[in-house]
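Data first, discussion second: the structure below is written as structure tokens.
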Amino acid sequence: MEIMKRLTGTKSIVLILLILLIPQVIFAETILVLRSEGETFDQTYKAIYDDLHDEVTFIEKIIKRKTSTNDIEQSIRNIKPKIIILIGNKSVALYSSYQASVTDKNFPPGLALSALYIDKQLANVKNTSGIRYEIPAVTSAVQVRSLLNKPVRKIGVIYRQWMSDFIQINKDFCRQEDIELVTIKLENNPSFQEVKYHLKHLIKDDIDALWVVNDNILLSARLIQNAWIPALKNFNKPVIVGIDALTSTPLSFGTFSISPDNYALGVQGAEMIAEIIDNNWKIDQPDIVEPLSITKLLNVKLSKSKNIPINMQKLDAIDRLIQ
Amino acid sequence: MTKKILHRFIILCFLASLSYTSAATSLYVFFPTEVRPKILQKKFTKLCPNIDTIVFGRINDYLKQLKIAPPEAIISLPPVIEKKPEYKTLFQGQRNGSINEKYVLVSINEAIKTSNLASIKIGVIDILGRKPMTSYVSKLLGSSVKIKRVTKTEDLLPLLTFNIVQAVFISESVYKKLKQTSKQNLISTNIKIKLDMISVATKTHNNTTNLNISQCINHLDNTTNEILGVDQWK
């Protein structure tokens, strides 16, 4: 009290503010979020923040083209985060380079999400778990099966060689749901003639639907135009894609688009972060898990034109319809 | 006596007519289901035109909006409504004459040993938020459990398929739907828990709100009630 009396009005206000704020600054643990810009990443981060903001302090750093490993190092040195969250491929790649560049290999636990083919990206990243961004075939297959008025037993897919592990995992999951994934493996650099030939061969194999994997080579503009569109012209069964644009454009390509629910992905991530917190801010064994939640887009117009038997009573469970 | 009732009715009608000219009664509906919130909201807007209805599919959105602008009425599951003691139940949903339904633990291939709950992960549909949901489920199951929350009922199956949890804690009606969707060997474990179905609550002592909401509930059609998991309101 004696000290307080000696202080002037302004000084005492500052002191009171400091007393109020310091405990939070000192005791609130910090999570560093390295993320790319974009609406989808915003949604994922928003969900994580919504879930955990009253337990930890979040510091967000947007990764731009100019952001370097030095910037990451500086942020980590200044913030001393207890956990690092990586959202988007750029963030994961940059953080991977940062880990490779420093001599002190004691990294805080991390979680990577919203990044494509994360298994390969995280192979060299230490102490970091992840959630895959690709929706497993079984999730899409079960959704399509419940939407159709006919059985779905066989689903076809073509893929490039480097995706073999991913496809094998998906085969196993599909088997659990009594669905056979009929696969055709292509070389890593297939020509459009090869893709077209194998696609035509695949759709003759009595499949009930076609699953199109997200692969920027297989789905290049050239291949879509010269292989996919002509091969699928007379294929009157569901074509499941992972990019809304392939369903919503007048390409007559995807009938059904299944993509990650970015907010729900954040909730799933928040659960994993909470587990790290509950485990005394440690990851015992880094793990990479499947995403749980999806958004669904159905091109009703295209489905009708192909006489695909849609159960109209199920449309209330679809996020977006193209009529 | 009859005169008194008539008098009250006239007053209520007068108050209700005032509500048409002033701000409409606000209603929040929070009930995770496979039907998309915007579809359910369209149904409410059509069936209850004098009610400003917002339908939420996610607990975080509901809680945020509740803080910003508390509504005059809420439709949700009892544990959600109980978090706001100023709201009192006006109608209780029923199905087949019962106000509650059985909850079960559903797993793949093997039943769950109830003596072992603390060592497994259990999937749930989030209706309360992370910490309150953990406490709520732990209390119900009589054991401190680790939960994994999902925002939509359709996300329960992937939790089991990808072995992220060993069981999901769901109502029997959700279990039936799950069995229709999946060809996996889903097994339910009876845990002797019954929970009340969805209910309607309003802020106390507001006759206009109560009348408007009552009219709305009476106008709900079979399809909307089915989405809400009930066939009658009492």
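- Ranked by non-hydrogen atom pairs under 4.5 Å with chain A, the options B:Val35, B:Ile39, B:Asn60 are led by B:Asn60.
- Residues A:Ser303 and A:Leu298 are in side-chain contact: their nearest non-hydrogen atoms beyond the backbone lie under 4.5 Å apart.
- Of residues 175-182 of chain A, those residues lying under 4.5 Å from chain B by any heavy-atom pair are A:Gln176, A:Glu177, A:Asp178.
- At least one donor-acceptor pair under 3.5 Å links the side chain of B:Thr153 to the backbone N or O of B:Glu34.
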**OP:** Given salt bridge (Lys or Arg N to Asp or Glu O under 4.0 Å), test B:Lys194 with B:Glu101 step by step and report yes or no.
**Re:** CA-CA 5 Å; B:Lys194 276 188 171 184; B:Glu101 70 174 326; over 6 Å; no
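- For NZ of A:Lys46, the number of neighbouring non-hydrogen atoms (other residues, nucleotides, ligands) closer than 6.0 Å is greater than 12.
- With hydrogens and angles ignored, the 3.5 Å screen pairs a side-chain donor or acceptor of A:Glu271 with a backbone N or O of B:Arg149.
- Side-chain atoms of A:Asp208 come within 3.5 Å of backbone atoms of A:Lys154 as a donor-acceptor pair (strictly under, hydrogens ignored).
- In this structure, B:Lys43 does not pair ionically with B:Glu226, as no charged nitrogen and carboxylate oxygen lie closer than 4.0 Å.
- A donor-acceptor pair under 3.5 Å is absent between the side-chain atoms of B:Glu72 and the main chain of B:Leu27, judged by distance alone.
- Within the 3.5 Å criterion, the main-chain N or O of A:Ile207 finds a donor-acceptor partner in the side chain of A:Lys237.
- Under a 4.0 Å N-O distance rule, the pair B:Arg36/A:Asp316 does not qualify as a salt bridge.
- The stretch residues 124-136 of chain B places B:Arg130, B:Lys131 near chain A, each with some heavy atom under 4.5 Å from a heavy atom of that chain.
- Listed options B:Glu154, B:Gln180, B:Lys38 were ranked by heavy-atom pairs under 4.5 angstrom with chain A; first place goes to B:Glu154.
- Only the side chain of B:Leu157 comes within less than 4.5 Å of a heavy atom in chain A; its backbone stays farther off.
- Between the side chain of A:Asn170 and the backbone N or O of A:Phe166 there is at least one donor-acceptor pair closer than 3.5 Å.
- Salt bridge status for A:Asp50 with B:Arg58: absent, with no side-chain N to carboxylate O gap under 4.0 Å.
- Looking at B:Leu159, both its backbone and its side chain come within 4.5 Å of chain A, counting heavy atoms on both sides.
- Here OH of B:Tyr28 is found 13.5 Å from CD1 of B:Ile75. Values are rounded to the nearest 0.5 Å.
- In terms of heavy-atom pairs under 4.5 angstrom with chain B, the leader among A:Leu315, A:Leu52, A:Val138, A:Ile294 is A:Ile294.
- With a threshold of 4.5 angstrom between heavy atoms, A:Asp287 does not approach chain B through any atom at all.
- A ring-centre distance under 6.0 Å is not found for B:Phe56 and B:Phe30.
- When heavy atoms are compared at a cutoff of 4.5 Å, A:Pro291 approaches chain B solely by way of its backbone atoms N, CA, C and O.
- With a threshold of 4.5 angstrom between heavy atoms, B:Lys148 approaches chain A through its backbone and through its side chain.
- Proximity to chain A (any heavy atom under 4.5 Å) is restricted, for B:Lys121, to the side chain, taken from C-beta onward.
- Among the candidates B:Thr151, B:Asn185, B:Thr181, the residue making the largest number of heavy-atom pairs closer than 4.5 Å to chain A is B:Thr181.
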